[in-house]
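A short write-up of the structure that comes next.
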Amino acid sequence: MTSRPSIAFAKFAAPKKGGVFVLAADDGGLGDAAKACDPAKTLERAFPVADFSGKFASLVEVLAPEGTSLDRLVAVGVGKVSGLDDHAWLKLGGTIATSLRKSAEVAVLVDLPGAAIGGEQAAQLAAGILLRSYVFDKYKTKKDNSDGQRDGKKVEPKKPAKVTIHTTDPASAKKAFADEVAVIDGVFLARDLVNEPANVLGPVEFAARASELEALGVTVEILVEKEMKKLGMGSLLGVAQGSPRGARIAVMRWNGGKAKDSPVAFVGKGVTFDTGGNSIKTASGMEDMKGDMGGAAAVTGLMHALAARKAKANVVGVIGLVENSVDGHAQRPGDIVTSMSGQTIEVLNTDAEGRLVLADALWYCNDRFQPKFMVNLATLTGAIMVALGQHYAGLFSNNDELAERLTSAGQATQERLWRMPLGTEYDKLIDSKNADMKNIGGRYGGAIIAAQFLQRFVKDTPWAHLDIAGTALGAPSSEINQSWGSGFGVRLLDRLVRDNYEG
């Protein structure tokens with residue numbers, strides 16, 4: 001699994017060994033700390049040769065620089081200093097992380113000419129290094145950093161790099177970084193869950209992973225099928241009935257706010273594998289359906305992040321965990337199920353199953369906890385990818401304030417959202433002649449129809465639905481993520497809570 005670099009913070013000093021990374025502004029300008037590491041001005045000579053102008057995330061590397069005992073001296077372009085927001089610092093950290101394996105001991109000098117760079121920026125850079133370090137390789141028996149033989153000689157495993165970040169205020173950087181690590185651990189948990197194969201991670205195993213959050217002070221309850229039947233969750237249980245692995249609902253509660261404060265709530269779709277049921281998917285690409293629990297993974301990772309950083313808020317996480325399989329017991333197109341709300345649903349397509357799971361999970365969460373708002377996350381529709389590609393998740397909401405706060409948090413973290421419409425005219429598309437509603441509409445507007453369906457299970461509670469089908473798995477690689485499972489949603493929702501709902 002991920003071999004994390006160790007990260008420490010220190011006041012500026014000229015390193016004597018190992019690798020050194022320095023920052024260069026858009027004109028190639030270096031700070032005083034960087035110049036002190038390069039008495040022979042090797043970078044100054046290398047810049048024009050490499051056509052280096054300090055463009056953001058560009059690199060120039062000098063090996064065994066003259067006049068020093070250093071192994072490497074690397075300049076990292078930051079572009080225009082005025083454009084360095086939190087996400088830019090994350091990306092710079094990720095860029096640095098790509099070169100860490102070449103040195104066991106690394107110093108990063110967070111210094112730029114004419115710029116005051118505080119501890120929070122240094123912490124963001126460190127967070128970027130950690131985020132980029134994630135690797136899911138637990139099932140590989142031969143690893144790049146494992147013991148082995150090379151050319152007849154034993155090769156020792158490569159140890160994680162030791163990174164020291166030099167900054168003007170190491171104490172504040174260390175404090176800010178502690179919160180960042182809590183969130184990164186949540187992101188890594190979400191990535192791990194999405195990347196796990198379905199034969200290892202089914203509903204029961206996922207529920208057990210959620211229960212591990214009790215070690216952080218999260219109260220966790222696991223509802224089994226008998227309890228769900230008693231609650232009338234026919235919609236969720238109908239999806240699960242074709243699998244021998246059963247269904248679970250995990251209820252996670254973090255009580256970090258005032259005792260009388262209503263909680264905020266997050267609900268996740270946790271289909272640990274989706275064959276499509278009797279409306280079976282094509283074989284091509286079906287292996288990706290191990291990630292159809294990306295919403296539940298994000299909620300679990302979020303609860304880890306909030307508990308680990310001791311967030312001053314009352315938060316509930318509810319995840320519906322099922323496997324959508326095919327056997328003689330699986331539900332059929334045309335079946336009618338009764339949801340916990342009492343509303344009946346004609347199941348015309350068993351591959352539109354995520355909304356059936358969320359229908360009962362949302363109703364249960366709202367009915368039991370009466371939260372200030374609910375946000376659900378789900379890898380729900382391919383249609384959202386047709387509309388938005390893989391750089392934005394779809395946002396649907398019945399509340400403008402909640403939608404605006406989510407959008408703002410998405411811009412801050414660059415886990416971006418694009419608001420999509422809801423409207424009564426779409427209700428006609430899911431009206432059924434045989435039940436209160438059907439679970440699919442026509443050919444067009446598939447992502448909207450799914451959201452319109454979910455809205456029938458939230459009453460008047462402020463609510464938002466995030467369709468993360470394009471962003472939670474298989475999304476484009478970035479400076480801070482090279483994993484198939486991205487952990488999308490953890491940083492976004494942590495920022496939402498941090499900025500708006502902590503006392």
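Along the sequence shown, residues carry numbers from 1. FYI, side chains are in, hydrogens and waters are out, and symmetry mates aren't considered; it's all heavy atoms of this structure.
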So, for [X] and [Y], which heavy atoms are closest and what is the spacing to 0.1 Å?
{"X": "Ala190", "Y": "Ala297", "value": "CB-O, 3.5 Å"}
{"X": "Thr275", "Y": "Ile280", "value": "O-CG1, 3.4 Å"}
{"X": "Ala57", "Y": "Leu92", "value": "N-CD2, 4.4 Å"}
{"X": "Ala307", "Y": "Trp254", "value": "CB-CE3, 3.7 Å"}
{"X": "Ala383", "Y": "Ala447", "value": "CB-N, 3.5 Å"}
{"X": "Glu323", "Y": "Ser243", "value": "OE1-OG, 2.8 Å"}

Is there side-chain contact between [X] and [Y], with heavy atoms separated by less than 4.5 Å?
{"X": "Leu466", "Y": "Leu492", "result": "yes"}
{"X": "Leu493", "Y": "Phe266", "result": "yes"}
{"X": "Leu112", "Y": "Leu84", "result": "yes"}
{"X": "Tyr134", "Y": "Val187", "result": "no"}
{"X": "Pro476", "Y": "His391", "result": "yes"}
{"X": "Phe177", "Y": "Ile165", "result": "no"}
{"X": "Gln452", "Y": "Leu429", "result": "no"}
{"X": "Ile319", "Y": "Phe206", "result": "yes"}

Does this structure show an ion pair linking [X] with [Y], if we count only N-O contacts that are shorter than 4.0 Å?
{"X": "Arg419", "Y": "Glu404", "value": "no"}
{"X": "Lys80", "Y": "Asp26", "value": "yes"}
{"X": "Lys433", "Y": "Glu346", "value": "no"}
{"X": "Glu225", "Y": "Lys229", "value": "no"}
{"X": "Asp261", "Y": "Lys312", "value": "no"}

For Leu223, the option from Val318, Ile249, Leu321 that meets side-chain contact (heavy atoms from CB on, under 4.5 Å): Ile249
With Phe396 as partner, the option from Leu417, Leu380, Ile384 fulfilling side-chain contact (heavy atoms from CB on, under 4.5 Å) is Ile384
Just wondering, more than 12 heavy atoms not from [X] lying within 6.0 Å of its [atom1]?
{"X": "Lys290", "atom1": "NZ", "result": "yes"}
{"X": "Gln331", "atom1": "CD", "result": "yes"}
{"X": "Trp484", "atom1": "CH2", "result": "yes"}

Can you list the steps and then say if Phe188 with Ile184 is a side chain to side chain contact (heavy atoms under 4.5 Å, CB included)? CA-CA 6 Å; Phe188 283 9; Ile184 290 168; 3.7 Å; yes
Determine, step by step, whether Asp427 and Arg456 satisfy the salt bridge (Lys or Arg N to Asp or Glu O under 4.0 Å) criterion, reporting the C-alpha distance in whole Å, the side-chain angles of both residues, the deciding distance to 0.1 Å, and the verdict. CA-CA 10 Å; Asp427 278 324; Arg456 296 190 178 195; 3.3 Å; yes
Distance-only polar pair, side chains of [X] and [Y], donor-acceptor under 3.5 Å:
{"X": "Asp499", "Y": "Ser408", "answer": "no"}
{"X": "Asp467", "Y": "Thr381", "answer": "yes"}
{"X": "Thr282", "Y": "Ser284", "answer": "no"}

Does [Y] offer a backbone N or O that forms a donor-acceptor pair with the side chain of [X] under 3.5 Å?
{"X": "Gln121", "Y": "Gly118", "value": "yes"}
{"X": "Thr379", "Y": "Asp292", "value": "yes"}
{"X": "Asp436", "Y": "Gln343", "value": "no"}
{"X": "Arg416", "Y": "Tyr392", "value": "no"}
{"X": "Asp367", "Y": "Trp363", "value": "no"}
{"X": "Asp274", "Y": "Met289", "value": "no"}
{"X": "Thr350", "Y": "Pro333", "value": "no"}
{"X": "Asp137", "Y": "Lys140", "value": "no"}
{"X": "Asp335", "Y": "Val347", "value": "no"}
{"X": "Asn324", "Y": "Asp351", "value": "no"}

Could you walk me through whether Trp463 and Asn376 pass the side chain to side chain contact (heavy atoms under 4.5 Å, CB included) test, one step at a time? CA-CA 8 Å; Trp463 158 80; Asn376 74 256; 2.8 Å; yes
Test side chain to side chain contact (heavy atoms under 4.5 Å, CB included) on Arg245 and Val204 and set out the steps. CA-CA 7 Å; Arg245 303 179 80 175; Val204 174; 5.7 Å; no
One pair to check against side chain to side chain contact (heavy atoms under 4.5 Å, CB included): Thr219 and Met252. What are the steps and the verdict? CA-CA 6 Å; Thr219 301; Met252 299 164 280; over 6 Å; no
Could you point out which residue of Arg309, Lys310, Lys258 forms a salt bridge (charged side-chain N to carboxylate O under 4.0 Å, His left out) with Glu502? Arg309
Please report the interatomic distance CD1(Ile480) to CG(Leu90), rounded to the nearest 0.5 Å.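 That separation rounds to 5.0 Å.
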